[in-house]
Every structure is written in structure tokens, then in C-alpha cells.
Number of protein chains: 2
Amino acid sequence: MRDEVTDSLLRAFLEEWAVHGYAALSLERVAARAGAGKAAIYRRWPSKLALAVDAVQKFGMVLTDVADKGALRNDLEAYLLMLRRALRHRLVRKILPDLYAEASRGSELAPVLKDLSVSRRRGGVSLIERAIGRGELPAVIDRELAMDMIPASLYWGMIVTRRRITRVQIQRQVDALVAGLQAI
Amino acid sequence: MRDEVTDSLLRAFLEEWAVHGYAALSLERVAARAGAGKAAIYRRWPSKLALAVDAVQKFGMVLTDVADKGALRNDLEAYLLMLRRALRHRLVRKILPDLYAEASRGSELAPVLKDLSVSRRRGGVSLIERAIGRGELPAVIDRELAMDMIPASLYWGMIVTRRRITRVQIQRQVDALVAGLQAI
DNA sequence: TAGCGTTGGAACGATACCGTTCCGACCTAT
DNA sequence: ATAGGTCGGAACGGTATCGTTCCAACGCTA
């Protein structure tokens with residue numbers, strides 16, 4: 001199996017996903033965009049879902065852990081800057097919302113999102129646990145809500161309302177989060 | 001044109017949208033689900049998009065303004081409870097994320113979301129302006145970020161992570177918002 | 001009872017896509 | 001030079017859907 005054909009197919013798959021959404025994504029168009037034959041797809045993956053799983057994993061939409069920056073606000077800022085970079089990606093900002101929509105309607109893609117969420121949660125959890133360890137947040141904090149709050153506003157601003165979020169606005173979001181996280 | 005046929009078609013359209021997403025929504029299946037003929041659809045609407053516009057408007061996914069409750073935290077609580085009720089709706093929680101996904105990829109549906117956003121923004125704006133008027137929030141608040149923050153965490157918790165959000169958790173979100181909104 | 005509007009369902013001609021199979025051509029290793 | 005793996009593209013038999021047109025039947029009104 002030639003690697004460059006595989007890579008082309010994965011890339012074409014993500015491009016088609018970004019344009020049409022997963023539900024209306026056609027493997028025939030994926031093959032055409034990759035300059036390959038459909039046989040080349042079915043030689044590698046048994047189904048559209050298998051391709052999707054592979055594409056998401058290899059594409060690296062997973063957010064990594066944020067290294068300890070010594071203070072909650074610094075960790076939050078690093079995390080939000082990383083998230084902003086990810087959400088600015090031309091493909092991520094179209095595919096991620098579609099993944100959420102698919103999961104909401106109980107699609108076969110729901111497990112893919114679950115895998116993504118597991119790694120993202122790990123990032124959020126360690127950030128919060130470090131803050132608790134430093135005494136910056138109470139140990140009784142509602143961790144679930146905390147992990148909702150951290151990415152939510154930036155996602156909303158960038159994806160739902162499709163605005164550019166400046167560094168100053170990220171600073172403000174950090175301010176709001178530092179204040180808000182004390183309260184839950 | 002019989003009203004009951006029109007209503008059946010609109011309802012069937014929303015059901016199919018919830019199941020398949022807009023991109024893969026088939027008018028043939030809509031007609032079948034409504035127990036009507038395709039001609040009945042094309043007699044009323046020239047296109048799938050026209051039907052979508054009508055369906056969203058008549059379905060009332062628009063959030064109404066929250067009446068003045070005398071304090072920011074009361075207004076926020078009322079707003080979030082209303083939002084929770086809307087997002088708990090079996091169809092809303094599947095269609096709204098799909099609308100966001102469609103808009104993200106520059107779909108023909110983007111104007112539909114724009115219309116929804118206009119009315120939702122109005123709700124958020126008045127809530128914030130009232131708080132400023134009462135001196136509960138500074139006049140220099142970043143209004144855009146504020147309106148991101150208000151619905152974002154609840155949306156994230158209910159839609160992205162698909163959890164049930166309790167009244168206690170809404171109270172905590174209100175606490176976080178009251179604290180966080182002071183900071184931006 | 002008659003007339004008119006509207007109906008559901010099917011057919012139409014068309015395109016699109018699925019998953020599989022095929023085959024001459026290409027590429028690489030021996 | 002040869003052999004084997006892989007390729008792109010097309011065909012296959014099939015299903016699905018589009019938007020339009022048609023028509024017998026129904027429902028309602030005069």
C-alpha cells in the first residue's frame with residue numbers, strides 16, 4: 001500500500017468532510033479529489049466510519065496537555081491560546097462542529113468524539129488539579145462545570161458567532177474564568 | 001392548500017433534520033414521513049432551503065427576551081433556565097448543533113442562523129444593559145465576550161458533553177457568570 | 001349534484017453514490 | 001528481464017434522490 005496514496009485519501013476525506021459534512025460525505029468524491037480510484041479506498045478501509053476514525057486520529061485534532069506554567073491564569077492563557085490555534089485551523093473549525101452535531105443525533109461518529117473528549121478532558125483536569133494543589137481553587141470545585149467553562153466561551157465566540165478573538169479578549173476570558181472558577 | 005398537510009410536512013422536515021442532518025436530509029423521506037406526496041412539498045416551497053427557513057421560524061427556536069427580574073443574577077438564572085428548557089427539547093438539541101455546523105462550513109443555511117442569532121443577541125443585550133443600568137456591571141464591559149459567556153457553558157455541558165445540567169449547577173453557572181462578567 | 005382545488009402516489013428522465021470487481025499499466029525489488 | 005504488489009479508472013448491479021408531471025380520488029362549497 002503506497003503511503004502517499006493513503007495520505008492523499010486521508011487529506012481528501014477531511015477536505016470533503018469540511019465542505020459537505022460527514023452525513024453527506026461521498027467516498028466517490030473523496031477518491032476523485034485524491035486522484036485515486038474507489039478501490040484504493042476499499043483496499044485500506046472497510047467503511048466510511050473506519051476512514052473517519054483514522055483521519056481524525058492521524059490529523060491530530062487532539063489537544064495536548066498544557067505544561068504547568070506556575071499559576072492558574074498562565075495555564076488558562078496557554079490552554080486558550082492553544083485552543084484558539086486549533087479552532088483557527090481551516091479544517092478543524094468546520095469538522096469539529098460537525099462532529100458535535102453528529103454526536104448529538106446519535107451518529108456512528110459518537111465514539112470518535114468520545115475519544116477526542118477523553119484526551120481533552122485530561123488536559124482540563126490536570127490544569128484544574130494543579131490550581132487546587134496551589135490553593136488557587138477550592139478542592140470542592142464542581143469539576144464538570146469547570147471543564148465546561150474553560151473552552152466554552154472561546155468555542156462559542158469563534159465557532160458559533162464566527163468572530164476573530166483577539167489576544168486581549170483571551171486575556172479577558174482568562175480574567176473571567178479565574179473569577180468565575182472561584183465561584184463554583 | 002390544506003393547513004394540516006403543511007403542518008405535517010413541517011413537522012416531518014424537522015424530524016428528518018434531527019435524524020439525518022440538513023446536508024443528508026431527503027425531501028422524498030420528508031414526504032413519506034408526513035404521509036404526503038412530493039408534489040405537496042413542491043407546491044408549497046420551491047426548495048429545501050425555503051422549507052428550512054419556514055420550519056425554523058414556525059418551530060420557534062427563537063429565544064425570547066427575559067423579563068427584568070430586578071438583579072443580574074436573577075436575570076441570568078431565568079435566561080439559563082429558559083435556555084436549558086430549549087436545549088432539552090428533543091429536536092432543538094439535535095438541530096441547533098447541526099445549524100452551527102452548517103453555518104461553519106458556509107452552507108446555504110448560514111442566513112437562517114443569522115436570523116436566530118439576531119433575536120438571541122437582543123435577549124442577551126438587554127440583560128447586560130439592564131445590569132449596567134443598575135450599576136451591577138461596568139459600562140465598559142466587553143459586550144461581545146459577555147454574550148459569548150452567557151450561553152456558552154450551558155450549551156457546552158448539555159450539547160457537547162451531553163450531560164444533564166441540574167438547577168444547582170445552573171446556580172453555580174450563574175455564580176460563575178456574575179463573578180466572571182465583572183472581570184471583562 | 002357539479003365544479004373546483006387539492007390530494008397522495010407513482011412515473012418520468014436524470015444524476016449520484018454504494019461496494020465490488022476487473023484489467024492494463026506502473027513501480028519496485030530481485 | 002521478470003514477478004508481484006498496487007495503482008487509476010471504469011463497469012457492474014443496485015439503491016436513493018431530485019424536481020416535475022400526471023391522474024384518479026377526495027373534500028369542500030355553492
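Judged by atom type and distance alone, K38(A) reaches the base of dG19(C) through a side-chain donor-acceptor pair under 3.5 Å.
Pairs engaging residues 144-160 of chain A under the salt bridge (Lys or Arg N to Asp or Glu O under 4.0 Å) rule: E144(A)-R163(B), D148(A)-R163(B) [sequence neighbours left out]. Within the structure, the salt bridge (Lys or Arg N to Asp or Glu O under 4.0 Å) test picks out the following pairs touching residues 164-184 of chain B (sequence neighbours left out): D142(A)-R172(B), R73(B)-D175(B), E77(B)-R167(B). Applying the ring-ring contact (aromatic ring centres under 6.0 Å, His included) test to every pair with at least one member in residues 107-143 of chain A, sequence neighbours left out, gives no pairs at all. Listed by first then second residue, pairs satisfying ring-ring contact (aromatic ring centres under 6.0 Å, His included) with a partner in residues 159-180 of chain B number zero, not counting sequence neighbours. Listed by first then second residue, pairs satisfying ring-ring contact (aromatic ring centres under 6.0 Å, His included) with a partner in residues 108-149 of chain A number zero, not counting sequence neighbours. Note on residues 97-141 of chain A: pairs passing ring-ring contact (aromatic ring centres under 6.0 Å, His included), not counting sequence neighbours, are Y100(A)-Y155(A), Y100(A)-W156(B).
Counting heavy atoms from C-beta on, the side chains of L83(A) and L87(A) come closer than 4.5 Å.
Comparing R44(A) and Y42(B) along DNA chain D, the residue whose closest nucleotide (by nearest heavy atom) sits nearer the 5' end is R44(A).
Among residues two or more places apart in sequence or in another chain, the salt bridge (charged side-chain N to carboxylate O under 4.0 Å, His left out) test is passed with R105(B) by D98(A), E102(B). Scanning for ring pair (Phe, Tyr, Trp, His ring centres under 6.0 Å) contacts around Y22(B) gives W17(B), with sequence neighbours left out.
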Return all side-chain donor-acceptor pairs below 3.5 angstrom for residues 1-15 of chain A, not counting sequence neighbours, or 'none' if the list is empty.
| unit_1 | atom_1 | unit_2 | atom_2 | d |
| --- | --- | --- | --- | --- |
| T6(A) | OG1 | R2(A) | O | 3.2 |
| T6(A) | OG1 | R44(A) | NE | 2.8 |
| S8(A) | OG | E4(A) | O | 3.0 |
| E15(A) | OE1 | R90(A) | NH1 | 3.1 |
| E15(A) | OE2 | R90(A) | NH2 | 2.9 |

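The separation between E16(A) atom CD and dC18(C) atom P is 10 Å, rounded to whole Å.
In summary, contact between chain B and DNA chain D, defined as any nucleotide atom under 4.0 Å from a heavy atom of the protein, begins and ends at dT17(D) to dG27(D) in the 5' to 3' direction.
For the segment residues 21-33 of chain A, the set of residues with a heavy atom within less than 4.0 Å of an atom of DNA chain C comprises L25(A), S26(A), L27(A), E28(A), R29(A), in numerical order.
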Reading nucleotides 22-30 of chain C 5' to 3', which nucleotides get B (base under 4.0 Å from a protein heavy atom), which S (sugar-phosphate only), which -? B---BS---

